[in-house]
Each structure stands twice: as structure tokens, then as C-alpha cells.
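Have a look at the structure below before the remarks.
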Amino acid sequence: MSNNTKNRFTCTNCKTITSKSPKSNAAEINFGSPMEKNIEELMKSVSFMSAQFDNFSNKLDNVIIEIKNIKIENKKIVTENKRLSEEVDILKSKIDEMEQYNLGISSGYYCLIVAKLATLEMKKNLIRNVKSNKLTTEKMSNEWPKENIYANERLTKLRRTLFYQTKVAATTKEYKFVWVSNGDILVRKNENSKIVKIKSSQDINNL
């Protein structure tokens, strides 16, 4: 009989059992499409990250190059500044020497007498005699009020400042002798050490 005819002669319980029975023992499981999609998305992510990394790497290379260029330029600037500083020191020294040679009388509270002697020995003797005899003004004129007379080598403002700094440094560094001779600032640690000429602040630092 046909299926329709059979169904008309089948009881209700049998119809229920028959309808719940599997029509086939084969099952279709399809994993292909979702997995391919996941792999494709993963490849896209990897490709994106790779591109980002390449971009970052290129930027990092550019930064490294810029840093190297900055270091090179900075080294050039430091070298140039050092050269200019040395030239300025040389110019200052020459100007100071000219001023030292052409020193004149300056006005102020204390009267200054600038004596340019014929020889270096005469100058040394004058300074030594004034200090040893402790001259005062009334010995030179009865009309003058009593004041001490000091005799020193005439120095420019720059050398006076340098001389003061040298004396301070000499005390700290235990240098026994500090004096001026013919406009030059000289130091000596003790009787057995060599004489050092001070021409700049750097010379003081090198003591």
C-alpha cells in the first residue's frame, strides 16, 4: 500500500513513534565556512599589525637618525663655543695688558700717585721701602692729616679681581706665597715648589 493508505490504518501511538524515528542515520556537519572566515579575519589582523609594526619601525629609524644628527650638530656647537671662548679670553688678556701698560691716575676718596719708574728694580725697591718703613702722610707734609701710605703695583680692574680670587684660592689650597711682580700674579706653594703665573680663573682652578 502507499504511505497515505498505511497511515490511515496505523494507530495513534505508532504514528507518534514513526514520526520521532530518524529518517536517516547520516548527519551533515559543516565546519568549513566559519573556520575559513576566522582564518581570514586572523590573517587580516596579522597583516594590519605587521603594517603597523613596519610603520613604527620606520618612524623609530627616523628618530634615531635625527638624534644622531642632533648629536653631531651639538658637538660642532660645543667645539665652536670653546673656540670662541678661547678667542674671547685672548682678546681680554690683550686688552688687559694694554690697560696695564697705560694705567693713569684715577680720582676717588683716596689720592693716588702713579709713578712710572725707569727700571723694574727701582719699582721693586720703592714698594719694598714703603712697606718696610711704614710711611705715613705727615712724614711727607706736615699739613697733611696722618694717614697710612701704601705702595703696590698698579693693576687693572680685571687683574685686581683676579689677584683677590687668587689669594682666596691660595688660602683654601694651602699656597704659602701670593704676590704681584711687574703686573703678573704669581703663586708658590712653598719654598721648594715652582712659581706659577695666574692669567685667568682657569689657572686658579688648576692650582
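Checked against E153 for a salt bridge (Lys or Arg N to Asp or Glu O under 4.0 Å), the options K123, K116, R159 give a single hit: K123.
Note that the OG1 atom of T79 and the NZ atom of K76 stand 10.0 Å from one another [nearest 0.5 Å]. With rounding to the nearest 0.5 Å, the separation of NZ in K197 from OG in S181 is 9.5 Å. To the nearest 0.5 angstrom, S50 atom OG is 10.0 Å from Q52 atom CD.
Residue-environment remark: CD (E174) stays at or below the threshold of 12 foreign heavy atoms within 6.0 Å. Environment of CG in N81: crowded, with over 12 heavy atoms of neighbouring residues, nucleotides or ligands closer than 6.0 Å. The 12-atom threshold is not exceeded at OH of Y164, counting heavy atoms of other residues, nucleotides or ligands nearer than 6.0 Å.
Using a 4.5 Å heavy-atom threshold, the side chains of D89 and K199 count as separate. Looking at heavy atoms from C-beta onward, D203 lies out of side-chain contact with V196 at the 4.5 angstrom threshold. Side chains of K71 and K75 form no contact here, defined as non-hydrogen atoms less than 4.5 Å apart. Taking 4.5 Å as the limit, some side-chain heavy atom of R160 sits within range of a side-chain heavy atom of R154. For the pair I204 and V168, the minimum side-chain heavy-atom distance is 4.5 Å or more.
Under a cutoff of 6.0 Å and an axis angle of 45°, K44 and F48 do not form a cation-pi pair.
Hydrophobic clustering, with ILVMFWY side chains joined whenever heavy atoms are under 4.5 angstrom apart, groups W144 together with V130. Each of F163 and I195 belongs to its own hydrophobic cluster when Ile, Leu, Val, Met, Phe, Trp and Tyr are linked at side-chain heavy-atom distances under 4.5 angstrom. In the hydrophobic clustering of ILVMFWY residues, with side-chain heavy atoms under 4.5 Å counting as a link, L158 and L155 come out apart. Placement of L135 and I127 in two distinct hydrophobic clusters is found when ILVMFWY residues are connected by side-chain heavy-atom separations under 4.5 Å, directly or transitively. Under a hydrophobic clustering in which Ile, Leu, Val, Met, Phe, Trp and Tyr are joined whenever their side-chain heavy atoms come within less than 4.5 Å, directly or via other members, W179 and L126 fall into different clusters.
Put simply, the side chain of N206 gets close to the backbone of Q202: a donor and an acceptor are under 3.5 Å apart. Remark: the backbone N or O of L162 is paired with a side-chain donor or acceptor of T166 at under 3.5 angstrom. Side chain of S141 to main chain of T137: no donor-acceptor pair is present (N/O by atom type, distance under 3.5 Å, no hydrogens or angles).
The stretch residues 124-134 participates, sequence neighbours left out, in these side-chain hydrogen bond (donor to acceptor under 3.5 Å, both in side chains) pairs: N125-R128.
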What donor-acceptor contacts under 3.5 angstrom involve side-chain atoms of residues 55-68, with partners at least two apart or in another chain?
| residue | atom | partner | partner atom | Å |
| --- | --- | --- | --- | --- |
| N58 | ND2 | D54 | O | 3.2 |
| N62 | ND2 | N58 | O | 3.2 |

For residues 183-191, which side-chain donor-acceptor pairs fall under 3.5 Å, sequence neighbours excluded?
| residue | atom | partner | partner atom | Å |
| --- | --- | --- | --- | --- |
| R188 | NE | N190 | O | 3.3 |
| R188 | NE | S193 | O | 2.6 |
| R188 | NH2 | E191 | O | 2.9 |
| R188 | NH2 | S193 | O | 3.3 |
| K189 | NZ | K173 | O | 2.8 |
| N190 | OD1 | N192 | N | 2.9 |
| N190 | OD1 | S193 | N | 2.9 |
| E191 | OE2 | K176 | NZ | 2.6 |

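Defined by atom type and a distance below 3.5 Å, a donor-acceptor pair is present between the side-chain atoms of T136 and E138.
R83 has a carboxylate O that lies under 4.0 Å from a charged side-chain N of E80, or vice versa, which qualifies the two as a salt bridge.
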